[in-house]
Protein chains: 2
Amino acid sequence: MAPPHDEVADSRDRAWGLRVGTEADGTEARQPVMADVARLAGVSHQTVSRVLNGAPHVRPGTRARVLAAIRELDYRPNSAARALVTRRSQTLGVVSFDSTLYGPASTLDGIERAARTAGYFVSVAGLRSLDSRSVQEAVDRLRDQGVEGVAVIAPQISAVGALAKLSSAVPVVAVGAGSRSRLPMVSFDNRAGAEVATRHLLDLGHRTVHHLAGPVGWTEGRDRQDGWRQALEAGGARVSRIGGGDWSARSGYEAGRRIAHDPEVTAVFCANDHMALGLLRALREAGRAVPGEISVVGFDDIPEAAYFTPPLTTVRQDFGELGRRALELLLEEIEGVDRPRHPVRISPETVLRRSTGPARRT
Amino acid sequence: MAPPHDEVADSRDRAWGLRVGTEADGTEARQPVMADVARLAGVSHQTVSRVLNGAPHVRPGTRARVLAAIRELDYRPNSAARALVTRRSQTLGVVSFDSTLYGPASTLDGIERAARTAGYFVSVAGLRSLDSRSVQEAVDRLRDQGVEGVAVIAPQISAVGALAKLSSAVPVVAVGAGSRSRLPMVSFDNRAGAEVATRHLLDLGHRTVHHLAGPVGWTEGRDRQDGWRQALEAGGARVSRIGGGDWSARSGYEAGRRIAHDPEVTAVFCANDHMALGLLRALREAGRAVPGEISVVGFDDIPEAAYFTPPLTTVRQDFGELGRRALELLLEEIEGVDRPRHPVRISPETVLRRSTGPARRT
DNA sequence: CGGGCGTATGTTAGCGCTAACATGCGCCGC
DNA sequence: GCGGCGCATGTTAGCGCTAACATACGCCCG
């Protein structure tokens with residue numbers, strides 16, 4: 001790390017040399033600081049600070065000289081110094097469980113975009129596992145880094161408890177964390193989405209709709225299941241799950257093999273699109289026609305869903321919007337806006353494609 | 001939220017009150033600082049610092065007292081202050097183009113995991129668009145935040161030029177940026193992967209292999225196309241593209257419709273799995289059997305590929321590994337390790353599934 | 001024509017930490 | 001028995017910035 005001295009440089013020094021540079025006259029070129037800019041512009045460092053922060057009462061001519069000096073030196077304010085004195089890091093944290101999945105990844109993306117617009121940086125912390133200690137650990141990491149707020153994309157029920165404890169340290173919002181949380185929260189109305197999807201199948205004449213549920217412990221999975229059950233009960237249909245998966249296509253495939261030859265099953269509501277994909281595959285291998293013999297609907301509307309075989313009827317969620325709303329809420333939280341704390345719910349919209357059709361009259 | 005203090009508080013104070021807390025005796029509880037810990041432990045703040053940083057020459061008893069005080073106060077070091085004096089932020093930046101896509105998202109995930117293990121935070125910056133100004137801007141943002149190094153997941157050719165200019169400011173590694181860059185870089189051997197995939201089709205007896213290319217300007221697309229062409233030329237086959245897509249299933253679908261009725265086409269190598277999915281769909285709608293009439297291979301091996309109809313033969317890339325290697329390289333860069341700079345290449349592996357089969361003897 | 005006020009700037013004092021040096025103390029060797 | 005050395009700790013001086021106060025200079029008004 002040593003800034004290069006004049007003597008022979010070891011490889012360490014050389015690496016630095018590349019970045020810090022050495023002037024032709026042999027003087028060492030440090031990263032310029034505010035005082036350097038001030039000297040060049042013939043003003044005090046405070047005036048430079050004023051220019052940088054858009055403070056009033058700076059004569060236009062002075063401002064121009066300062067800006068010129070900044071450009072000439074390619075000066076950039078030291079964010080650590082600024083954060084130290086202002087106590088604001090301009091950084092937000094996002095903790096996410098598996099940012100490899102489409103939903104979390106898109107949400108993160110939405111948050112990042114919105115944060116940038118609002119002038120914040122975003123720092124991410126992945127979760128090692130789903131337990132609450134892990135959430136605690138991730139939030140702590142972020143906190144140690146000095147983030148001003150944290151958005152937790154952690155749709156596990158177990159995470160919700162962990163979050164409650166954290167709220168006193170730094171503002172936290174839960175993203176897509178289901179309904180039982182007291183925390184500021186934004187999520188999709190999974191229950192409503194599931195209800196609509198299920199009713200759609202019922203309306204097509206299916207006697208009942210089976211449900212391929214998400215993993216136990218995920219709030220989204222639970223809410224979708226609740227919505228499904230509710231639609232069934234409202235329609236007077238028999239309630240029958242066909243087990244739960246882990247969101248993956250593989251688990252959908254396995255479930256599909258289990259039910260492929262069950263004549264009772266004429267319509268399946270899957271808790272997400274990936275599982276629906278696996279299910280479709282299993283059904284095809286078993287020679288069951290979709291939607292001829294069995295109708296299938298998914299949840300999420302991933303970009304690929306329209307290209308499945310057959311194209312998947314599903315429930316669309318706008319993850320980008322979710323991220324944006326989460327950020328908005330977090331910012332309010334940080335700025336201490338005190339407003340009625342009912343959770344933000346975003347309504348999903350169902351997308352009809354070719355994987356659903358009328359029940360066959362037997 | 002906000003536990004109010006006794007006096008009338010505006011919403012701002014209340015919000016703060018929540019986080020900072022108020023003691024029973026009415027004194028306001030600031031976030032504890034090192035001096036508070038020192039006082040409680042009966043030592044100087046420097047000794048606290050020594051304990052925190054694992055410096056030698058601290059008596060075990062003293063260390064224990066300090067640790068106890070830290071725990072009691074729930075003290076956490078101020079990272080801005082530390083960064084200011086050490087000039088190390090312990091933060092790395094990642095710029096990514098579309099972290100919604102499977103590849104970039106997984107790479108980011110791999111980088112984050114590895115960074116955490118190495119004791120670094122990671123800050124992300126999304127790109128607004130693909131031009132080099134945008135890359136510049138993203139890296140600058142990160143730099144302003146004080147990151148110690150940046151990994152750029154930007155597989156656009158245009159980005160490579162922008163990167164070269166940046167290298168003098170802060171260590172940068174290019175992730176998956178193709179072969180023409182002089183920067184430290186890690187990527188898959190796209191060319192080799194494409195060659196193997198193409199040869200596989202040729203070996204099945206196809207007279208030639210058509211290529212559904214990636215978008216112009218993406219190094220990965222170009223390298224895959226190069227590999228495909230090379231395999232064709234080596235095999236004495238005619239070289240014929242069927243146009244380029246934008247990585248999306250939609251674009252694959254459109255390409256598929258264009259070629260579905262072309263009897264010349266018996267094998268297609270798609271530049272990624274999503275386009276392959278769209279292509280499969282178009283083929284199915286046109287009534288062309290896969291692999292009976294046309295064989296299809298993809299690239300990436302996204303988790304869903306095995307559940308396509310039919311399951312897709314493709315080229316697997318381990319994005320997690322890619323991220324890990326990128327981080328490793330970046331760390332070396334930061335620490336000034338001077339070592340031969342040949343780019344790190346990771347060999348992909350082809351995965352045979354059911355979308356490819358022997359050419360029909362005509 | 002002088003007191004006061006508003007504008008434009010400079011000066012000073014930290015933010016919370018680490019690095020460098022200073023101090024004090026016990027223990028060893030001769 | 002005392003100089004010296006190494007361990008354990010304390011003291012001091014910044015890191016680069018902003019906030020708060022201090023100063024200087026017009027200009028208006030009575």
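Here is how names work: the chains are called A, B, and so on, in the same order as the sequence lines, proteins then strands, and each is numbered from 1.
- Between B/A81 and B/P60, it is B/P60 whose nearest contact on DNA chain D lies nearer the 5' terminus.
- Shown here for B/L108 and B/I153, the closest heavy-atom pair between the two residues is N-CD1, 4.0 Å.
- Only B/H45, B/Q46, B/S49, B/N53, listed by number, bring a heavy atom of residues 35-53 of chain B to less than 4.0 angstrom from any atom of DNA chain C.
- One side chain, A/S123 or A/Q145, offers a donor N or O that lies under 3.5 Å from an acceptor on the other.
- A salt bridge is absent between A/R324 and A/E328; no separation between the charged side-chain nitrogens and carboxylate oxygens falls under 4.0 Å.
- Nucleic acid contact class of A/P77 (heavy atoms, under 4.0 Å, all strands): sugar-phosphate only.
- The salt bridge (charged side-chain N to carboxylate O under 4.0 Å, His left out) pairs that include a residue from residues 40-66 of chain B number zero, where partners must be two or more places apart or lie in different chains.
- A donor-acceptor contact shorter than 3.5 Å is absent between the side chain of A/T47 and the backbone of A/V43.
- With axes fitted over five pairs at each extremity, the angle between the ends of the helix from C/dC1-D/dG30 to C/dC30-D/dG1 is 50° (10° resolution).
- Boundaries of the chain A contact region on DNA chain D are D/dG16 to D/dA20, first to last in 5' to 3' order (nucleotide atom under 4.0 Å from a heavy atom).
- Note on B/D36 versus B/R39: salt bridge recorded, some NZ/NE/NH1/NH2 to OD/OE distance being below 4.0 Å.
- A donor-acceptor pair under 3.5 Å links the side-chain atoms of B/E148 to the main chain of B/S89, judged by distance alone.
- Taking both residues in full, the closest heavy atoms of B/L331 and B/A118 are given as CD2-CB, 3.7 Å, listed atom of the first, atom of the second, then distance.
- Within residues 63-75 of chain B, the residues that have a heavy atom under 4.0 Å from DNA chain C are, in order of number, B/Y75.
- At distances below 3.5 Å, at least one donor-acceptor pair connects side-chain atoms of A/E112 with backbone N or O atoms of B/G126.
- A/L92 and A/V147 make their closest contact through C-CG1, 3.9 Å (heavy atoms, listed as atom of the first residue, atom of the second, distance).
- Comment: A/E137 does not engage A/R141 in a salt bridge, judged by the lack of any side-chain N to carboxylate O separation of less than 4.0 angstrom.
- Applying the side chain to side chain donor-acceptor pair (under 3.5 Å) test to B/R113 and every residue at least two apart in sequence or in another chain returns B/D109.
- Panel note: side chain B/N53, backbone B/A55; no donor-acceptor pair is recorded below 3.5 Å.
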